[in-house]
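No experiment lies behind these values; they were computed from the predicted model shown.
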Amino acid sequence: MRAVTWHGRADVQVDTVPDPTLQEDTDVIVEVTSSGICGSDLHLIEVMAPFMTKGDVMGHEPMGVVREVGSAVTAVKPGDRVVVPFNISCGSCWMCSQGLQSQCETTQNREKGFGASLFGYTKLYGQVPGGQAEYLRVPFGNTLPIKVPEGAPDDRFVYLSDVLPTAWQAVQYAATPPGGTLLVLGLGPIGDMCTRIAHHLGIDDVYASDVVPERLARAAARGTHVIRTTKKDDVVRAIQEATAGRGADAVIDAVGMEAHGSPLASMAQKATAVVPDAIMERVMQVAGVDRLAALNTAIDAVRRGGTISLSGVYGGATDPLPLMRMFDKQIQLRMGQANVWRWVPDILPLLVDGDPLGVDDFATHRVPLEQAPQAYADFREKKDGSVKVLLRP
């Protein structure tokens, strides 16, 4: 089969790799019909490169059609249309029963000290082949795949794999009070979807900060108050002016380690290209390598007693946080990988009954799998209005 594979820093290729096969009696094989490129995928060809191996199949936002099932699979059958969550969870352990599928005890990577395995995402999360490919082996066939109806195009459902539950969890964790103000930092796919979900859930005063004109226009068109800068002082000033000087009741950081800021962190990230992987693996697990500009903006922009919801990915082990300032402001901080199945019952009915979140036209680019290298480059450089890319195998 053809698949998108990792070959090094800023080096994504499409190769011919072996077809996946059933390995357990609960496995299913899915023929992928759509697979998204995520902002987190860009980390794999940048700062997270030390944890990758040449030839790793990338991607964690797939959907498709079941083609084979193991002998113990009864929940789906060949021909069923399914979305595959990005976190690999058994659905039956204690963590899964608590709605914490991203911490699944069956697939936790204990030897690395990390949570549940993820499709297509580094040695830290199991190094499981991903879904930017023609076919995908999916374990836990009775509990992991999300069965979706026929009829509507893939765009209606594919975001159940990651974008929708990640954004939904971010908004829920933000816990904006009735009549309150929400600030979203970053209008990439997750930040954009956060604003849409916030409006849908009845949050009227939604603000968002970014500098990319196309992203600002998308958010403004749906009623979000846009702040056309990411400079901390300017963002803080704008949100304080809108809230009688208090600050936002809640802030979602949808940027994470992509933010520009610390020169030392920038140097550490660039070092991943020249320092041997074995050394950088250890450095990244004991040192601070993140640019904390977005998080620091969130800390300053949130009101006293407010909440910061962190959905942007950070990768450093000892990143310095201004704990005295956070303690003094009585800030609540919530974060973590999205627990996909926790939110499916809330989200799926919205996709079946209509399109209140605008998923049908959420993608800005739909390209053949073979064009993945150029699509990655355009998304990374924010060229040609690239906000969300779907690959079609």
Quick one: are [X] and [Y] in side-chain contact, heavy atoms under 4.5 Å?
| X | Y | answer |
| --- | --- | --- |
| Val389 | Asp378 | no |
| Val340 | Phe86 | yes |
| Asn87 | Cys104 | no |
| Ile299 | Pro322 | yes |
| Arg303 | Asp249 | yes |
| Ser102 | Asn339 | yes |
| Leu136 | Ile29 | no |
| Leu144 | Pro85 | yes |

Just verifying a value: how many Å separate [X] [atom1] and [Y] [atom2], rounded to the nearest 0.5 Å?
| X | Y | atom1 | atom2 | result |
| --- | --- | --- | --- | --- |
| Leu295 | Leu333 | CG | CG | 7.0 Å |
| Ile239 | Thr297 | CD1 | OG1 | 12.0 Å |
| Ile331 | Thr307 | CD1 | OG1 | 9.5 Å |
| Leu160 | Glu61 | CG | CD | 11.5 Å |
| Glu150 | Asp80 | CD | CG | 8.0 Å |

Stepwise side-chain contact (heavy atoms from CB on, under 4.5 Å) test for Leu183 and Val235:
CA-CA 10 Å; Leu183 170 64; Val235 173; 4.1 Å; yes
Between [X] (side chain only) and [Y] (backbone N and O only), is there a donor and an acceptor less than 3.5 Å apart?
| X | Y | answer |
| --- | --- | --- |
| Asp253 | Val255 | yes |
| His225 | Ala242 | no |
| Ser309 | Ala170 | yes |
| Gln108 | Gln103 | yes |
| Arg222 | Thr195 | no |
| Arg196 | Pro356 | no |
| Thr176 | Leu182 | no |
| Ser35 | Gly131 | yes |
| Lys383 | Ala377 | no |

Ring pair (Phe, Tyr, Trp, His ring centres under 6.0 Å) contacts touching residues 115-140 (sequence neighbours left out):
His60-Tyr121, Phe114-Tyr125
Would you mind listing every salt bridge (charged side-chain N to carboxylate O under 4.0 Å, His left out) that reaches into [range], with sequence neighbours excluded?
| range | result |
| --- | --- |
| residues 180-189 | none |
| residues 231-248 | Lys232-Asp300, Asp234-Arg237 |
| residues 345-371 | Arg2-Glu370, Asp155-Arg366, Arg156-Asp360, Arg342-Asp346 |

Chi angles and distances behind the side-chain contact (heavy atoms from CB on, under 4.5 Å) call for Arg137, Glu24:
CA-CA 10 Å; Arg137 169 184 168 262; Glu24 305 288 343; 4.1 Å; yes
How close do [X] and [Y] get, heavy atom to heavy atom, and via which atoms?
| X | Y | answer |
| --- | --- | --- |
| Ser161 | Pro165 | C-CG, 4.4 Å |
| Ala167 | Ile197 | CB-CD1, 3.7 Å |
| Pro368 | Leu391 | O-CD2, 4.3 Å |
| Leu185 | Ala294 | CD1-O, 3.3 Å |
| Ala375 | Ile37 | CB-CD1, 3.9 Å |

Could you check whether atom CD of Gln330 has more than 12 heavy atoms from other residues, nucleotides or ligands sitting under 6.0 Å from it?
no
Under the rule for side-chain hydrogen bond (donor to acceptor under 3.5 Å, both in side chains), what residues qualify as partners of [X], not counting sequence neighbours?
| X | answer |
| --- | --- |
| Asp154 | Thr33, Ser34, Arg81 |
| Arg218 | Asp192 |
| Ser117 | Asn109 |
| Tyr376 | Gln132 |

Test Ile190 against Val163 for side-chain contact (heavy atoms from CB on, under 4.5 Å), laying out the working first.
CA-CA 6 Å; Ile190 301 302; Val163 174; 4.1 Å; yes
Could you tabulate the donor-acceptor pairs under 3.5 Å formed by side-chain atoms of residues 63-72, not counting sequence neighbours?
unit_1: Arg67; atom_1: NE; unit_2: Glu31; atom_2: OE1; d: 2.6
unit_1: Arg67; atom_1: NH2; unit_2: Glu31; atom_2: OE1; d: 2.9

With distance as the sole criterion, is a donor-acceptor pair present between the side chains of Trp94 and Glu105 under 3.5 Å?
no
Taking [Y] as the starting point, is it possible to reach [X] by hopping between hydrophobic residues whose side chains are less than 4.5 Å apart?
| X | Y | value |
| --- | --- | --- |
| Val184 | Leu216 | no |
| Leu390 | Val387 | no |
| Leu44 | Leu42 | yes |
| Val367 | Val4 | yes |
| Met335 | Val302 | yes |

Less than 3.5 Å apart, which donor and acceptor atoms pair up between the side chains of residues 47-58 and the rest of the protein, not counting sequence neighbours?
unit_1: Thr53; atom_1: OG1; unit_2: Gln127; atom_2: NE2; d: 2.9
unit_1: Asp56; atom_1: OD1; unit_2: Gln127; atom_2: NE2; d: 3.4
unit_1: Asp56; atom_1: OD2; unit_2: Thr53; atom_2: N; d: 3.0
unit_1: Asp56; atom_1: OD2; unit_2: Gln127; atom_2: NE2; d: 3.2

Please report the C-alpha distance between Leu164 and Leu351 in whole Å, then the side-chain angles of each, then the deciding distance to 0.1 Å, and finally whether the side-chain contact (heavy atoms from CB on, under 4.5 Å) criterion is met.
CA-CA 11 Å; Leu164 281 167; Leu351 308 179; 3.9 Å; yes
Could you list the donor-acceptor pairs under 3.5 angstrom formed between side-chain atoms of residues 200-213 and any protein atom two or more places apart in sequence or on another chain?
unit_1: Ser209; atom_1: OG; unit_2: Thr229; atom_2: O; d: 2.5
unit_1: Asp210; atom_1: OD1; unit_2: Val212; atom_2: N; d: 3.1
unit_1: Asp210; atom_1: OD2; unit_2: Leu187; atom_2: N; d: 2.7

My understanding is that only residues two or more places apart in sequence, or in another chain, count here; which of them pass salt bridge (charged side-chain N to carboxylate O under 4.0 Å, His left out) with Arg334?
none
